[in-house]
Amino acid sequence: MKPCIPLLEKLFNKNYNLIDGTDEIFELDLALWEYKTLSKKELINRSAYFKSVDSIETIHYKLCNLQNLEEVYKESSFRAKSFFLNGKYSTGYATHGLFPYRGKFHPQLIRALLNILGVKQGELVLDPMAGSATVSVEANLLGINSISVDISPLCELIGKVKTFALNLDIKILEKITNNQSILLTKLKKDNIPQYFISSKDNKKKRYYEIILLAYLDAVGFSKRKASPVEQLFYQVLRRYVTTIKYFQAAKEKIALKIGNSKIIQGNALDLPIDDDSIDAIITSPPYSFAIDYLKNDLEQLKYLGASIPKLRQMMIGLQGKCVDDKLAIYFDKMEQVIREMKRVTKNNAPIVMIVGTNNIQTKGVNLEKEILKIAKRQGLEFELNLKKPIKGLQNTMKEESILFFTNKK
Ligand SMILES: C[S@@+](CC[C@H](N)C(=O)[O-])C[C@H]1O[C@@H](n2cnc3c(N)ncnc32)[C@H](O)[C@@H]1O
C-alpha cells in the first residue's frame, strides 16, 4: 500500500497548527484563505482557525483559554455547559454567550470573514440587520470599529450590552450587582424599566443595562425551564458578571485593543448612515420563514415597551397572508436593503450576505438564488458562494450560503 499524505499536511506548513475541532470543509476553506492572505504576524494576532504558528500561540487561542468557562457555567445545565465548553473557540468566548439570540452567527466564522475581507484596525464595518451584534463584538475584538442596526429594541439592548461589556470597569459592575434582591424588586415592576436604561448624560446607567438584559434572559429561560424568574435571575446575573470579569482579565493579559461601536435601533430599508462611509458589510437577512422574531421575543419586547403591531409592519418577512404573498414582500424589501447597502459602502467595499437555504417553508423557492439575482440587479459584483452546513436536529434549515460581493461604484 502506498501511504497517502494527510490533507492537513498537504494544505499547511507543519509549523502552522489549527485549533482543535477545525474539521468542516468550510472551516478548512476559510483557514486556508486566512493562511494565504495573512502574514505570519497577522495570523498570530487575528486568525480565527489557527492555534499556533512556529510554536507561538495565537491571540484567539489564548483568549478562549483564559476565559475560565468551567467556572462561568458551573451552575448551568449539563447541556448548556457542554454547548459552551465544546464551542469554546467558536461561540463561547468574549461576551458572545451573554444572551441566547436565535439564529445568531458563529463568532469564529465572522472573525475569519473579517480577516479574509482584509478589514483593518480603525476601519468601519456594518451589519444592517445585526440581531445580537455578533459582527460588532467580533470586529471590536480585532480593533475594528462597527455599526450594528436592527429594528428590534431587544437587539439594540443586547448589542449595547455585549459591546459595552468589552470595555468597562469590572469593579463598578461588581459593586452595582452586590444587592441583587433590591435590583430584582425594581425589575419586577410592571412599568418600563427606565431606571435601567442608559442616557447620554448618565454613562453609569450602561452598567444597569447589563442587569436588565440578565433579567430578560432569565424571563426567557424561565419560560423554557418552567422555573420562577426570581430563582433564575440570580443565576443568570452571576453568569453575566463572571463572563465579563474573566473576559476583562484575559483582555488585560493579552493587551487587546478594542474598537468602537455604535448600536442603533433602526430600519435597514432606510439606514441612518452617510453615503460611501462603510468599509465592509457582513450580514444575514432575517430567517423569517423559520423564525418569527416577534413571537420568539414577545415577552421581552413587551417588557421594553415596544409596539408589537408597528414592529410586525417593519420586520422583514413578517408581512403577507400566504407564502407567495410573504415571499413577494420579502424580496421587495430585500431589494431596498441591498440598495441601501450599496449606497453606504465605499467603492470596492466587500459585502457578505449569509443566507439560510430553506426550501420547505418557502414552498420550494430558494432564498439564496433570489437574493443573488437581486444583488446582481442592484449592481453588486458577485464573487463566490461558499456553502456551510447547519447542524442540529431542530433546524429546518440544513445549509447556509456565504455570498461574497464587491461594491463596484
Ligand atoms: C438572522 S437575524 C440576525 C442575527 C445576527 N446575525 C446575530 O448574529 O445575532 C436577522 C435580524 O434582522 C432583523 N430585522 C428584521 N427586519 C429588519 C429591518 N427592517 N431593519 C433592520 N433589521 C431587521 C431581525 O430583528 C433579526 O434580528
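Remember, it's 1-based here, ligands and their atoms both numbered in the order they're listed.
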Just to verify, what does Glu70 make a salt bridge (charged side-chain N to carboxylate O under 4.0 Å, His left out) with, not counting sequence neighbours? Lys81

Does a sphere of radius 6.0 Å around NZ in Lys409 hold more than 12 heavy atoms from other residues, nucleotides or ligands, not counting ones at 6.0 Å or beyond? yes

Using heavy atoms and a cut-off under 4.0 Å, could you grab the residues that are in contact with ligand 1, chain by chain, numbers ascending? Tyr101, Gly103, Lys104, Phe105, Pro128, Met129, Ala130, Gly131, Ser132, Thr134, Asp150, Ile151, Cys155, Gly266, Asn267, Ala268, Leu269, Ser284, Pro285, Pro286, Tyr287, Tyr293, Met314, Met315, Ile316

Salt bridge flag under 4.0 Å for residues Glu299 and Lys302: no

Quick test of your reading of the model: are Asp276 and Lys346 salt-bridged, counting only N-O distances below 4.0 Å? no

Indicate yes or no: does Lys388 engage Glu399 in a salt bridge with an N to O separation below 4.0 Å. no

Hey, are Lys408 and Asn348 close enough side-chain-wise for a donor-acceptor pair under 3.5 Å? yes

